[in-house]
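Chain letters run A, B, ... following the sequence lines, proteins first, then strands; residues in each count from 1.
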Amino acid sequence: MSIRLDDSTPFDLEATLCCGQAFRWEKHSEWWYGVVRDRVFKIRQNNDRLLFENVDADFVKTYFRLDDDLLTVHSRIDKDEHIRKAINTLKGLRVLRQDPWECLISYICATYKSIAAIKRMLFNLSRKFGERVCFDGVDFCTFPTPERLATAHSVDLVKCGLGYRTKYVRETAKIVNKKEWEFEHVKNADYKEARAELVRFPGVGLKVADCILLFSLEKLEAFPVDVWIKRSIIEHYTSHFQEEFISRTMSKRSLTNKEYERLNTFGREYFGEYAGYAQEYLYHYERTQF
DNA sequence: CAAGTGCCTTTATC
DNA sequence: AGATAAAGGCACT
């Protein structure tokens, strides 16, 4: 199966899967292998051709957000020379439409960890609590269900390398499992309301909530502020803030909620309805330049 | 080689 | 309100 990408549909599979938004994709000789819910499939890109197996075209279009008019997105967030460089370098990078449950747990695990470590944790979680699925002669695992993680023993979660995140994952899984948490409801709420819902989960603060909203709940205006984005904004958008705010934020490693809100609000107001895309371009650009 | 730093932060406590 | 510490463990310097 394949899809032809026309000029109005730029896409860069490699950048999209390597920019640190999803953690469970594996590359085996030219093919990218992914597990999304109970589905295992592989995909590769040959210039304007997307080739894939074990999945239909509609799913590919949905998951990789090929329905986003990326050229429009580019022109809307193209506010200055700096973001323009990022766009020109990374054009084709798309936000994914991930599964909200997996995204929620993934970003609870992501706090204060490197991407390599996050991948390791999620790999361990899936191997221990997910269902094994063989595809193309390779073993994969589905992501554990809420029920499975809600009833998991703490020691087993600790063995996955979760550390202090263990209780957050367990408690969050219990909430989602028990009172049928409605991700659809959050999806339909507006940005601020949706974020307020998410931060009620243990282990979910403003930053983690913004990641979940952007990557799995259709909130393209969400603008997660991590250390890289903080540095990027402080460095390239200095004049948009008071001197005192800049020096205070630069000298400390972590952000207070108030400082987070200031940077987050700047991002959403400055870049507009597709601020999340701007964030992804700035983030990946910051990490790969140098 | 030991020790320090950083990691897509949140929470508890002062 | 706002600052500060603590929380796995691993990679890197």
(message) In whole Å, I'd like the distance from the NZ atom of A:Lys113 to the C1' atom of B:dT9.
(response) 13 Å
(request) Write down the distance separating the P atoms in B:dC8 and C:dT13, rounded off to the nearest Å. (result) 15 Å
(request) Using the six-membered ring of A:Phe64, assess whether NZ or CZ of A:Arg97 lies under 6.0 Å from its centre and within 45 degrees of the ring axis. (result) no
(message) Does anything in residues 127-153 of chain A form a salt bridge (Lys or Arg N to Asp or Glu O under 4.0 Å)? List the pairs, not counting sequence neighbours.
(response) A:Lys42-A:Asp136
(request) Tell me which residues in residues 197-214 of chain A put a heavy atom below 4.0 Å from DNA chain C, sorted by number, or none. (result) none
(message) In whole Å, I'd like the distance from the CH2 atom of A:Trp228 to the C1' atom of B:dT9.
(response) 16 Å
Atom pairs, N/O to N/O, protein against nucleotides 1-4 of chain C, distance under 3.5 Å?
residue	atom	partner	partner atom	Å
C:dG2	OP1	A:Lys258	NZ	3.3
C:dG2	OP2	A:Lys258	NZ	3.3

(message) Under a 4.0 Å threshold between the charged nitrogen and the carboxylate oxygen, would A:Arg65 count as salt-bridged to A:Glu218?
(response) yes
(request) For A:Tyr260 and A:Val225, indicate whether the former's side chain and the latter's backbone hold a donor-acceptor pair under 3.5 Å. (result) yes
(message) Measuring from atom CZ of A:Arg24 to atom CD1 of A:Ile118, what distance do you get when rounded to the nearest 0.5 angstrom?
(response) 14.0 Å
(message) Can you check the distance between B:dG4 and C:dA6, where both ends of the measurement are the P atom (answer in whole Å)?
(response) 15 Å
(message) Contact list please: residues 151-169 of chain A against DNA chain B, heavy atoms, distance less than 4.0 Å, in numerical order.
(response) A:Tyr164, A:Tyr168
(request) Looking only at side-chain atoms of A:Thr111, point me to the closest of B:dT10, B:dC8, C:dG8. (result) B:dT10
(message) Classify A:Cys19 by what it touches in the nucleic acid, base, sugar-phosphate, or nothing, heavy-atom distance under 4.0 Å.
(response) base
(message) Can you tell me whether the base of C:dG8 sits syn or anti, using the 90° cut around 0 to define syn?
(response) syn
(message) Going by salt bridge (Lys or Arg N to Asp or Glu O under 4.0 Å), name the pairs with one or both residues in residues 187-198 of chain A, residues two or more places apart or in two chains.
(response) A:Glu184-A:Lys187, A:Arg195-A:Asp210, A:Arg195-A:Glu261, A:Glu197-A:Arg200
(message) So that I can compare with my own list, what are the stems of DNA chain B, taken as at least three consecutive Watson-Crick or G-U pairs with distances under 3.5 Å?
(response) B:3-7 with C:9-13, B:9-14 with C:2-7
(request) If a pair satisfies salt bridge (Lys or Arg N to Asp or Glu O under 4.0 Å) and one of its residues is in residues 2-22 of chain A, list it, with sequence neighbours excluded. (result) A:Arg4-A:Asp48, A:Glu14-A:Lys27
(request) Hey, could you give me each pair passing salt bridge (Lys or Arg N to Asp or Glu O under 4.0 Å) that has a residue in residues 263-282 of chain A? Not counting sequence neighbours. (result) A:Arg76-A:Glu273
(request) Provide, to the nearest angstrom, the distance between the CG atom belonging to A:Asn257 and the C1' atom belonging to B:dA12. (result) 14 Å
(request) Would you kindly give the CG-to-P distance between A:Asn124 and C:dG8, to the nearest whole Å? (result) 17 Å
(message) Output the rounded distance in Å from CD1 (A:Ile105) to P (B:dT9).
(response) 17 Å
(message) Taking ring pair (Phe, Tyr, Trp, His ring centres under 6.0 Å) as the definition, give me every residue that meets it alongside A:Phe266, ordered by chain and number, with sequence neighbours left out.
(response) A:Tyr237, A:His240, A:Phe241, A:Tyr270
(request) Mind checking side chain to side chain donor-acceptor pair (under 3.5 Å) for A:Thr72 and listing every partner two or more places apart, or none if nothing turns up? (result) A:Asp69
(request) For the residue pair A:Trp25 and A:Tyr63, categorise the inter-ring angle as parallel (less than 30°), tilted (30 to 60°) or perpendicular (more than 60°). (result) tilted
(request) Grab the CZ-P distance between A:Phe223 and B:dC8 for me, whole Å please. (result) 17 Å
(request) Using ring pair (Phe, Tyr, Trp, His ring centres under 6.0 Å) as the criterion, list what pairs up with A:Tyr112, not counting sequence neighbours. (result) none
(message) With a 4.5 Å cut-off on side-chain heavy atoms, are A:Asp38 and A:Val133 touching?
(response) no
(request) For A:Lys119 and B:dC8, give me the distance from atom NZ to atom C1', rounded to whole Å. (result) 13 Å
(request) Could you tell me the separation between the CD1 atom of A:Ile108 and the C1' atom of B:dT10, rounded to a whole number of Å? (result) 11 Å
(request) Check whether any side-chain heavy atom of A:Lys252 sits under 4.5 Å from a side-chain heavy atom of A:Thr256, and report yes or no. (result) yes
(message) Using atom C1' in both nucleotides, what's the gap between B:dT11 and C:dC10 to the nearest angstrom?
(response) 23 Å
(message) With no hydrogens and no angle check, just 3.5 Å: does a side-chain donor-acceptor pair link A:His28 and A:Glu26?
(response) yes
Report, one pair per line, the protein and nucleotides 4-6 of chain B atoms (nitrogen or oxygen only) whose separation is under 3.5 Å.
none

(request) For the residue pair A:Lys61 and A:Asp67, establish whether any side-chain heavy-atom pair is separated by less than 4.5 Å. (result) no
(request) Please measure how far the P atom in C:dA5 lies from the corresponding atom in B:dG6, and state the result in whole Å. (result) 15 Å
(request) Answer whether the closest heavy-atom distance between the side chains of A:Thr145 and A:Asn177 falls below 4.5 Å. (result) no
(message) What's the gap between B:dT13 and C:dG8 when it is taken at their P atoms, as a whole Å value?
(response) 15 Å
